[in-house]
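All remarks here apply to the structure that follows.
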Amino acid sequence: MTMAERDRHLDVLTGRLAGLLHPGGPAPAPGPITLVTGPVGAGKTTLLQSFARRCAEAGVAFLGASASRSERTVPLEVVRQLVRRATVADADRDRVGRLLDQAVLRWGETADEEALAPLIAAIGGELLELVARAPAVVAVDDVQHADAPSLRCLDHLTRRVTGLPVLIVLTEAPRTRPWQPTAYAELLQPARLHRLRLPLLTADGTHRILADRLGAPVARRIADEAYRISGGNPLLVHALADDHPADAETPTPGEAFREAVLSCLYRCEHLVLKTARALAVTEEPLHGPLLPHLVDLPSELNLHAVDAATSAGLVDADGLRHPAVRRAVLDGMTVEERARLHRAAAQLLHDDGAPPPRIAPHLLTADELAEPWMAQTLLDAGEQALADGDVDTGRRYLRRANRDCADECLRARIRSALARAEWRLDPQGAVPHLLGIATAVRAGHLDTRQAAGPIQYLLWHGQIGRAMELIHHLGERADGADARSAGDLMIIKGWMATLYPGVPLDAVAAPAGTTRDPLALARVRHRLRGVLLLDTVLGRGDLGALENAERTLGTLGLDDEPNMWSAVCAVIAMIYADRLDLAGEWCDRLDRIASARRHRTPRALLTAVAATVAGRRGDLRRARELAESALNRLSPKGWGVVIGAPLAIRLWTLTCLEEWDEAAACLRTPVPPTLFETPFGLHYLHARGVHALAAGSPEAALADFQLCGQLMTSWRLDQAPLVPWRTESARALLRMGRRQQAEKVVREELDRLRPTDLRYRGAALRVLGTVQEGAERIRHLRCAVRLLRQCGDRVELARALGDLGQAQQQAGDLRQARSTARAARDLAEECGIPVLRPTAAGRATAPDPASDAGILLTGLNDAESRVAALAAQGHTNREIAERMFLTVSAIEQRLTRIYRKLDVNSRSELAARLRLDR
C-alpha cells in the first residue's frame, strides 16, 4: 500500500531504531515504548510492515504480533505470537510453550492477580530472555484488543528493558472507552511513551495515492471527490481506486468500497458500529435527539466519544460523511435490523410530536402498521408531499398506508388521496381505486371535497353513469350540509357541465345553503374561474374577459385537479379567442411548473394544448411533434376521453402534411365511445372529417361535420371557434358537386359569425369564393386573404393565396397570378405543406380533364390523380407544376410514385392505363 504522507512517521521509527543500535547518539526519545495512534484504516499496519523491513535491513530481530477483538478473551495469545516469531532453540520454544499452557489453565481456574503474579513473572522473564540476546523490536498491532494476561506480560517486560537494546512499538486506534482499564493503563504510562499520531490523509495525500494507483490524469479528475467520499481514510481511497472504471469522470463507489467501509466499522468499537447504523437509518446529525435512544447508550457513555478519529473518518457532526458510506452501512445490515431501527425511530418521533413528513419515511419499512396513528401519519405525510409537488414520495406513503389500514373510514380517505397521486402520474393508475372509493362515498366515509377528485377521474375515464350516481348521492346528503360541502358539489357540477355538456344535471339542484352564503358563492366562482372564462369566450365572444385571463392563471397552480382544470380551460379560452401568442406563453409557463413538480398528466395535457396552438399558428411540424409527445406521455387508456385532444391535432397535422400511412394508423387508435359526448370528441370528428375529405371521401367527411353540428346545437355551443362545422360541410358539399347547398351553408356561417371571428370568416369567405365566378370570386378570396393574414392562420392563408392565384390566372391577370402563386408556395413551404393544390373552384370555372381522375385511378390520392391525368394528356412537368402551383421537382417525385403504383414505365403507358380505366 502506498505510504502517502507516512514518510515522516517512518523516519521517526527509523530514528528510534538508530538510537537502539547506537546508544550514544544525541537526545534519545523518552521511554522504551513508541505508541502509534490513528484511526482504523489510517495505515498503522502498513507503517509497521515498512518498519519491519527496515529492521531486517539493519539486522535487528523483529518480533511482531497482531491483536484482535475476537481473541481478546484468549489468554496470552499475543505472547504466543511473539514467541513464535523469536529465533530460539526448539527445546527453549517447547519449554516456553509448556509454561504458557500451564498459565492458560491457571487463568481458567482463578482471576486472583496475586495468585497469578508468579506466572506473569515467569512468562515475562522468558520473554525478556528472548529479546535481550541481541537488538530487537517487539511490535504489537492493535494493542487495544490485546488480552489482559498478555498486557501484564508486556508490562513486566517494559519495566525491565531499560538500558537493553530493545524497542517496543505498539499501535492503537482511538477508543471510546478502555477495554481493560487496569492492565492497559499500567502498560501505557505516559512516562514510558513516545506517542506518534497518524492522522487521516489530506486532499494532497489522497491525490498521491490515486496518482500512484490510476495515473496522474485520472487522479486530477477524481481526487477532490474521492477525498470528500473517503474523508482521507487510506483504506477507502484504495477501495475507490479498485472500483474506478477506466473511462469514468468521477469516483464510482462499488463493491470494494462497500467492503472497506464495513471492514472499518467492524474493526471500530461496537458503539461506533451501532451509531453508524442508526445514522444510516435516520439520516440525522450525530448529536440529534434520536440517536442516544436508538443506540441505547449505557448511562456512563455519550456520543461525544464518536468522532472522525474513533469512526475511521466515517462519522462527523453531520452524521455519516457521504451517501455512499450510508449505502454501504445499510447494505451491511439485515432487513430485520433496519426495520427495528425504523420502527424505533418512528415511535420516538411520534412521541416527540414530530410532523408526519419526518415520521413517514420510517414507517415505509414497518412489517405492519400496528398502531392506529401509523396509517394516519402516512396519510398526512402523503397529502403533504402531494401538496408540495413530490408525487412519487406521496404515492409511496399512501400505498404503504393503503396496504395495512384496517379502519374503513381512514382507508377510504387514503384511497382517495392515492387515486389523486396515481392520476397525476398516469390516470390509468387511479382506475383500480375508483370502485372502492365509490363504495366509500355511498357508505358516507368521504365528504364532498374528498369525493371531488375521484368523480373527476370517473369523468376522465368516461364512467358517466357512476359519476352521476355519486353526484346525486352527494346532492341528497348536501341538503342539510354545511355551505362548504354544498359549494364543493356546485364545483363538481360545474366541471361536469364543461366536460359533458350534454349530460343533464338539473336533477341535482344547488343546495339552498350555498345560494344564501356569499362567501361560499365567491369560493365557487374562484374555483371555477377557468370554466367561467371559457364559457364567456365561447358563449358571448367577449374577448374583454381575456384581460382577466392572465390574472386568473397567475393565481393558479397545478397542485390539485380543480386548479389544473381551471388553468387548462383558461388557456383554451385564449385559443378560442385567437390569442395564440398569449396561449403559447402560458402553455410554456404552466409546463415548467408541472415539470418541476413532475406531474406527468398535467404536462401531457398542456403539451396537447401547446400542439393545438402550434397547429393554429401554421407550424405543422412542431404541432405534430408536440401531439406525438403528448400521446407518448400517457398510455392510450390513461388518456381516457381526453385522448380526443392530442389525437385530433395529430391527425389534422398528418393530413395537412399528406403523411397518409401515419394518419391511417392514427385513425386506428381506439377511442372510448363516450369521447363523442365531450368537446374533445368534436375536435376528433373535425380532424377525421378533414382527413376523409383529403382522402377523397367527401360523404364520410360530411357525415362527421354534420354530427359535430348536431352535437354542438344540442349542447347550445354552436360557435365556430369550437368547430367551424358549417364551413367544413360546405367544402365537402363542393367536392360532391352540390354547389348550391354549399353556398347556402357557407352564407349561413357568415351570417352567424361574430365580428371577432376573423379566422373563421376568412375560411368561410375562401369557400364562398370557390362557388363564385369572375370578379366576385376574386373579391371574396382577397377579403379572405386579408382576414387570414390579420389573424395569423398561415395554413389557410397559403391555400387562400393558391386559390386567388388560380382565379387571377383564369381572369387573365398572369403577372398578378404569378406573384400570388409564389407567395402561396413560399408560405406553404414555411408551414411544411408538401403540396398546394387548388380547390374545387378551378373545376367550377374551367373544367379540368383531371377532375375525376381521383375516382378513376384507384390506388392514387387526389393530387397524384391530377398529376397522372395531366401527364397522360401530354403536359410537360413544368406545365403541370405551374398549373398545380408546385415545383418541378415535386412533380417529378410524384410521377415516380405514380409509375410505381400503377406499374407503368412511361407517359404513353400511363395514357393507355388512363383510357382503360375510363
Side-chain angles (χ1 to χ4, degrees), residues 20 31-35 45 48-49 51-52 55-56 59-172 178-189 192:
L20 183 70
I33 300 178
T34 299
L35 181 65
T45 301
L48 209 55
Q49 292 169 350
F51 181 55
C55 290
V60 176
F62 187 89
L63 280 65
S66 179
S68 167
R69 180 191 286 119
S70 62
E71 297 174 341
R72 198 165 52 239
T73 58
V74 179
L76 298 170
E77 174 59 27
V78 170
V79 173
R80 284 185 187 277
Q81 293 183 47
L82 294 173
V83 171
R84 280 196 292 269
R85 293 293 302 272
T87 305
V88 295
D90 291 342
D92 292 338
R93 192 184 304 278
D94 292 342
R95 185 184 73 256
V96 175
R98 287 192 297 272
L99 181 61
L100 291 174
D101 291 340
Q102 179 187 356
V104 169
L105 291 174
R106 288 295 306 277
W107 244 282
E109 296 171 356
T110 180
D112 186 352
E113 292 192 2
E114 291 186 7
L116 297 171
L119 274 174
I120 293 292
I123 295 170
E126 291 288 350
L127 199 56
L128 181 62
E129 180 67 21
L130 291 176
V131 301
R133 296 172 181 176
V137 172
V138 176
V140 180
D141 197 13
D142 284 336
V143 70
Q144 76 274 7
H145 295 318
D147 59 279
S150 292
L151 290 172
R152 291 291 185 189
C153 293
L154 287 171
D155 178 53
H156 181 92
L157 173 66
T158 302
R159 283 185 278 110
R160 288 163 176 77
V161 297
T162 303
L164 297 177
V166 177
L167 177 63
I168 300 174
V169 180
L170 308 176
T171 72
E172 72 162 1
W179 293 112
Q180 295 88 12
T182 304
Y184 201 76
E186 289 181 2
L187 172 63
L188 300 181
Q189 294 178 29
R192 300 175 177 175

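Computed from a predicted model, the values in this text were never measured in an experiment.
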Just how far is it from atom [atom1] of [X] to atom [atom2] of [Y], taken to the nearest 0.5 Å?
X: Glu129; Y: Leu127; atom1: CD; atom2: CG; value: 10.5 Å
X: Leu128; Y: Arg133; atom1: CG; atom2: CZ; value: 10.5 Å
X: Ser150; Y: Leu157; atom1: OG; atom2: CG; value: 12.0 Å
X: Leu48; Y: Leu170; atom1: CG; atom2: CG; value: 9.5 Å
X: Asp94; Y: Arg98; atom1: CG; atom2: CZ; value: 6.0 Å
X: Glu71; Y: Gln81; atom1: CD; atom2: CD; value: 6.5 Å

Do the side chains of Arg72 and Asp142 get close enough for a salt bridge, i.e. N-O under 4.0 angstrom? no
Tell me the closest heavy-atom pair linking [X] and [Y], and the distance in Å.
X: Leu82; Y: Ala139; answer: CD2-O, 4.0 Å
X: Val104; Y: Pro75; answer: CG2-O, 3.9 Å
X: Ile33; Y: Leu187; answer: CD1-O, 3.7 Å
X: Ile120; Y: Pro149; answer: CD1-O, 4.0 Å
X: Leu76; Y: Ala103; answer: CD1-CB, 3.5 Å
X: Pro165; Y: Leu20; answer: C-CD1, 3.0 Å

Donor-acceptor under 3.5 Å ([X] side chain, [Y] main chain):
X: Arg85; Y: Ala65; answer: no
X: Glu77; Y: Asp147; answer: no
X: Arg152; Y: Ala117; answer: no

By side chain to side chain contact (heavy atoms under 4.5 Å, CB included) - contacts of Ala122 (at least two apart):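 With neighbours one apart ignored, the set is Leu99.
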Test Arg192 against Thr162 for side-chain contact (heavy atoms from CB on, under 4.5 Å), laying out the working first. CA-CA 10 Å; Arg192 300 175 177 175; Thr162 303; over 6 Å; no
Let's go through Val78 and Leu151 carefully: what are the C-alpha distance in whole Å and the side-chain angles of both, what is the deciding distance for side-chain contact (heavy atoms from CB on, under 4.5 Å) to 0.1 Å, and is it a yes or a no? CA-CA 8 Å; Val78 170; Leu151 290 172; over 6 Å; no
For this session: Please test Leu188 against Glu172 for side-chain contact (heavy atoms from CB on, under 4.5 Å), starting from the C-alpha separation and ending with a verdict.
Result: CA-CA 11 Å; Leu188 300 181; Glu172 72 162 1; 4.3 Å; yes
**Q.** CA sep, side-chain torsions, deciding dist, call: Ile123, Val79, side-chain contact (heavy atoms from CB on, under 4.5 Å)
**A.** CA-CA 9 Å; Ile123 295 170; Val79 173; 4.0 Å; yes
Worksheet item: Could you walk me through whether Asp155 and Arg159 pass the salt bridge (Lys or Arg N to Asp or Glu O under 4.0 Å) check?
Response: CA-CA 6 Å; Asp155 178 53; Arg159 283 185 278 110; 3.3 Å; yes
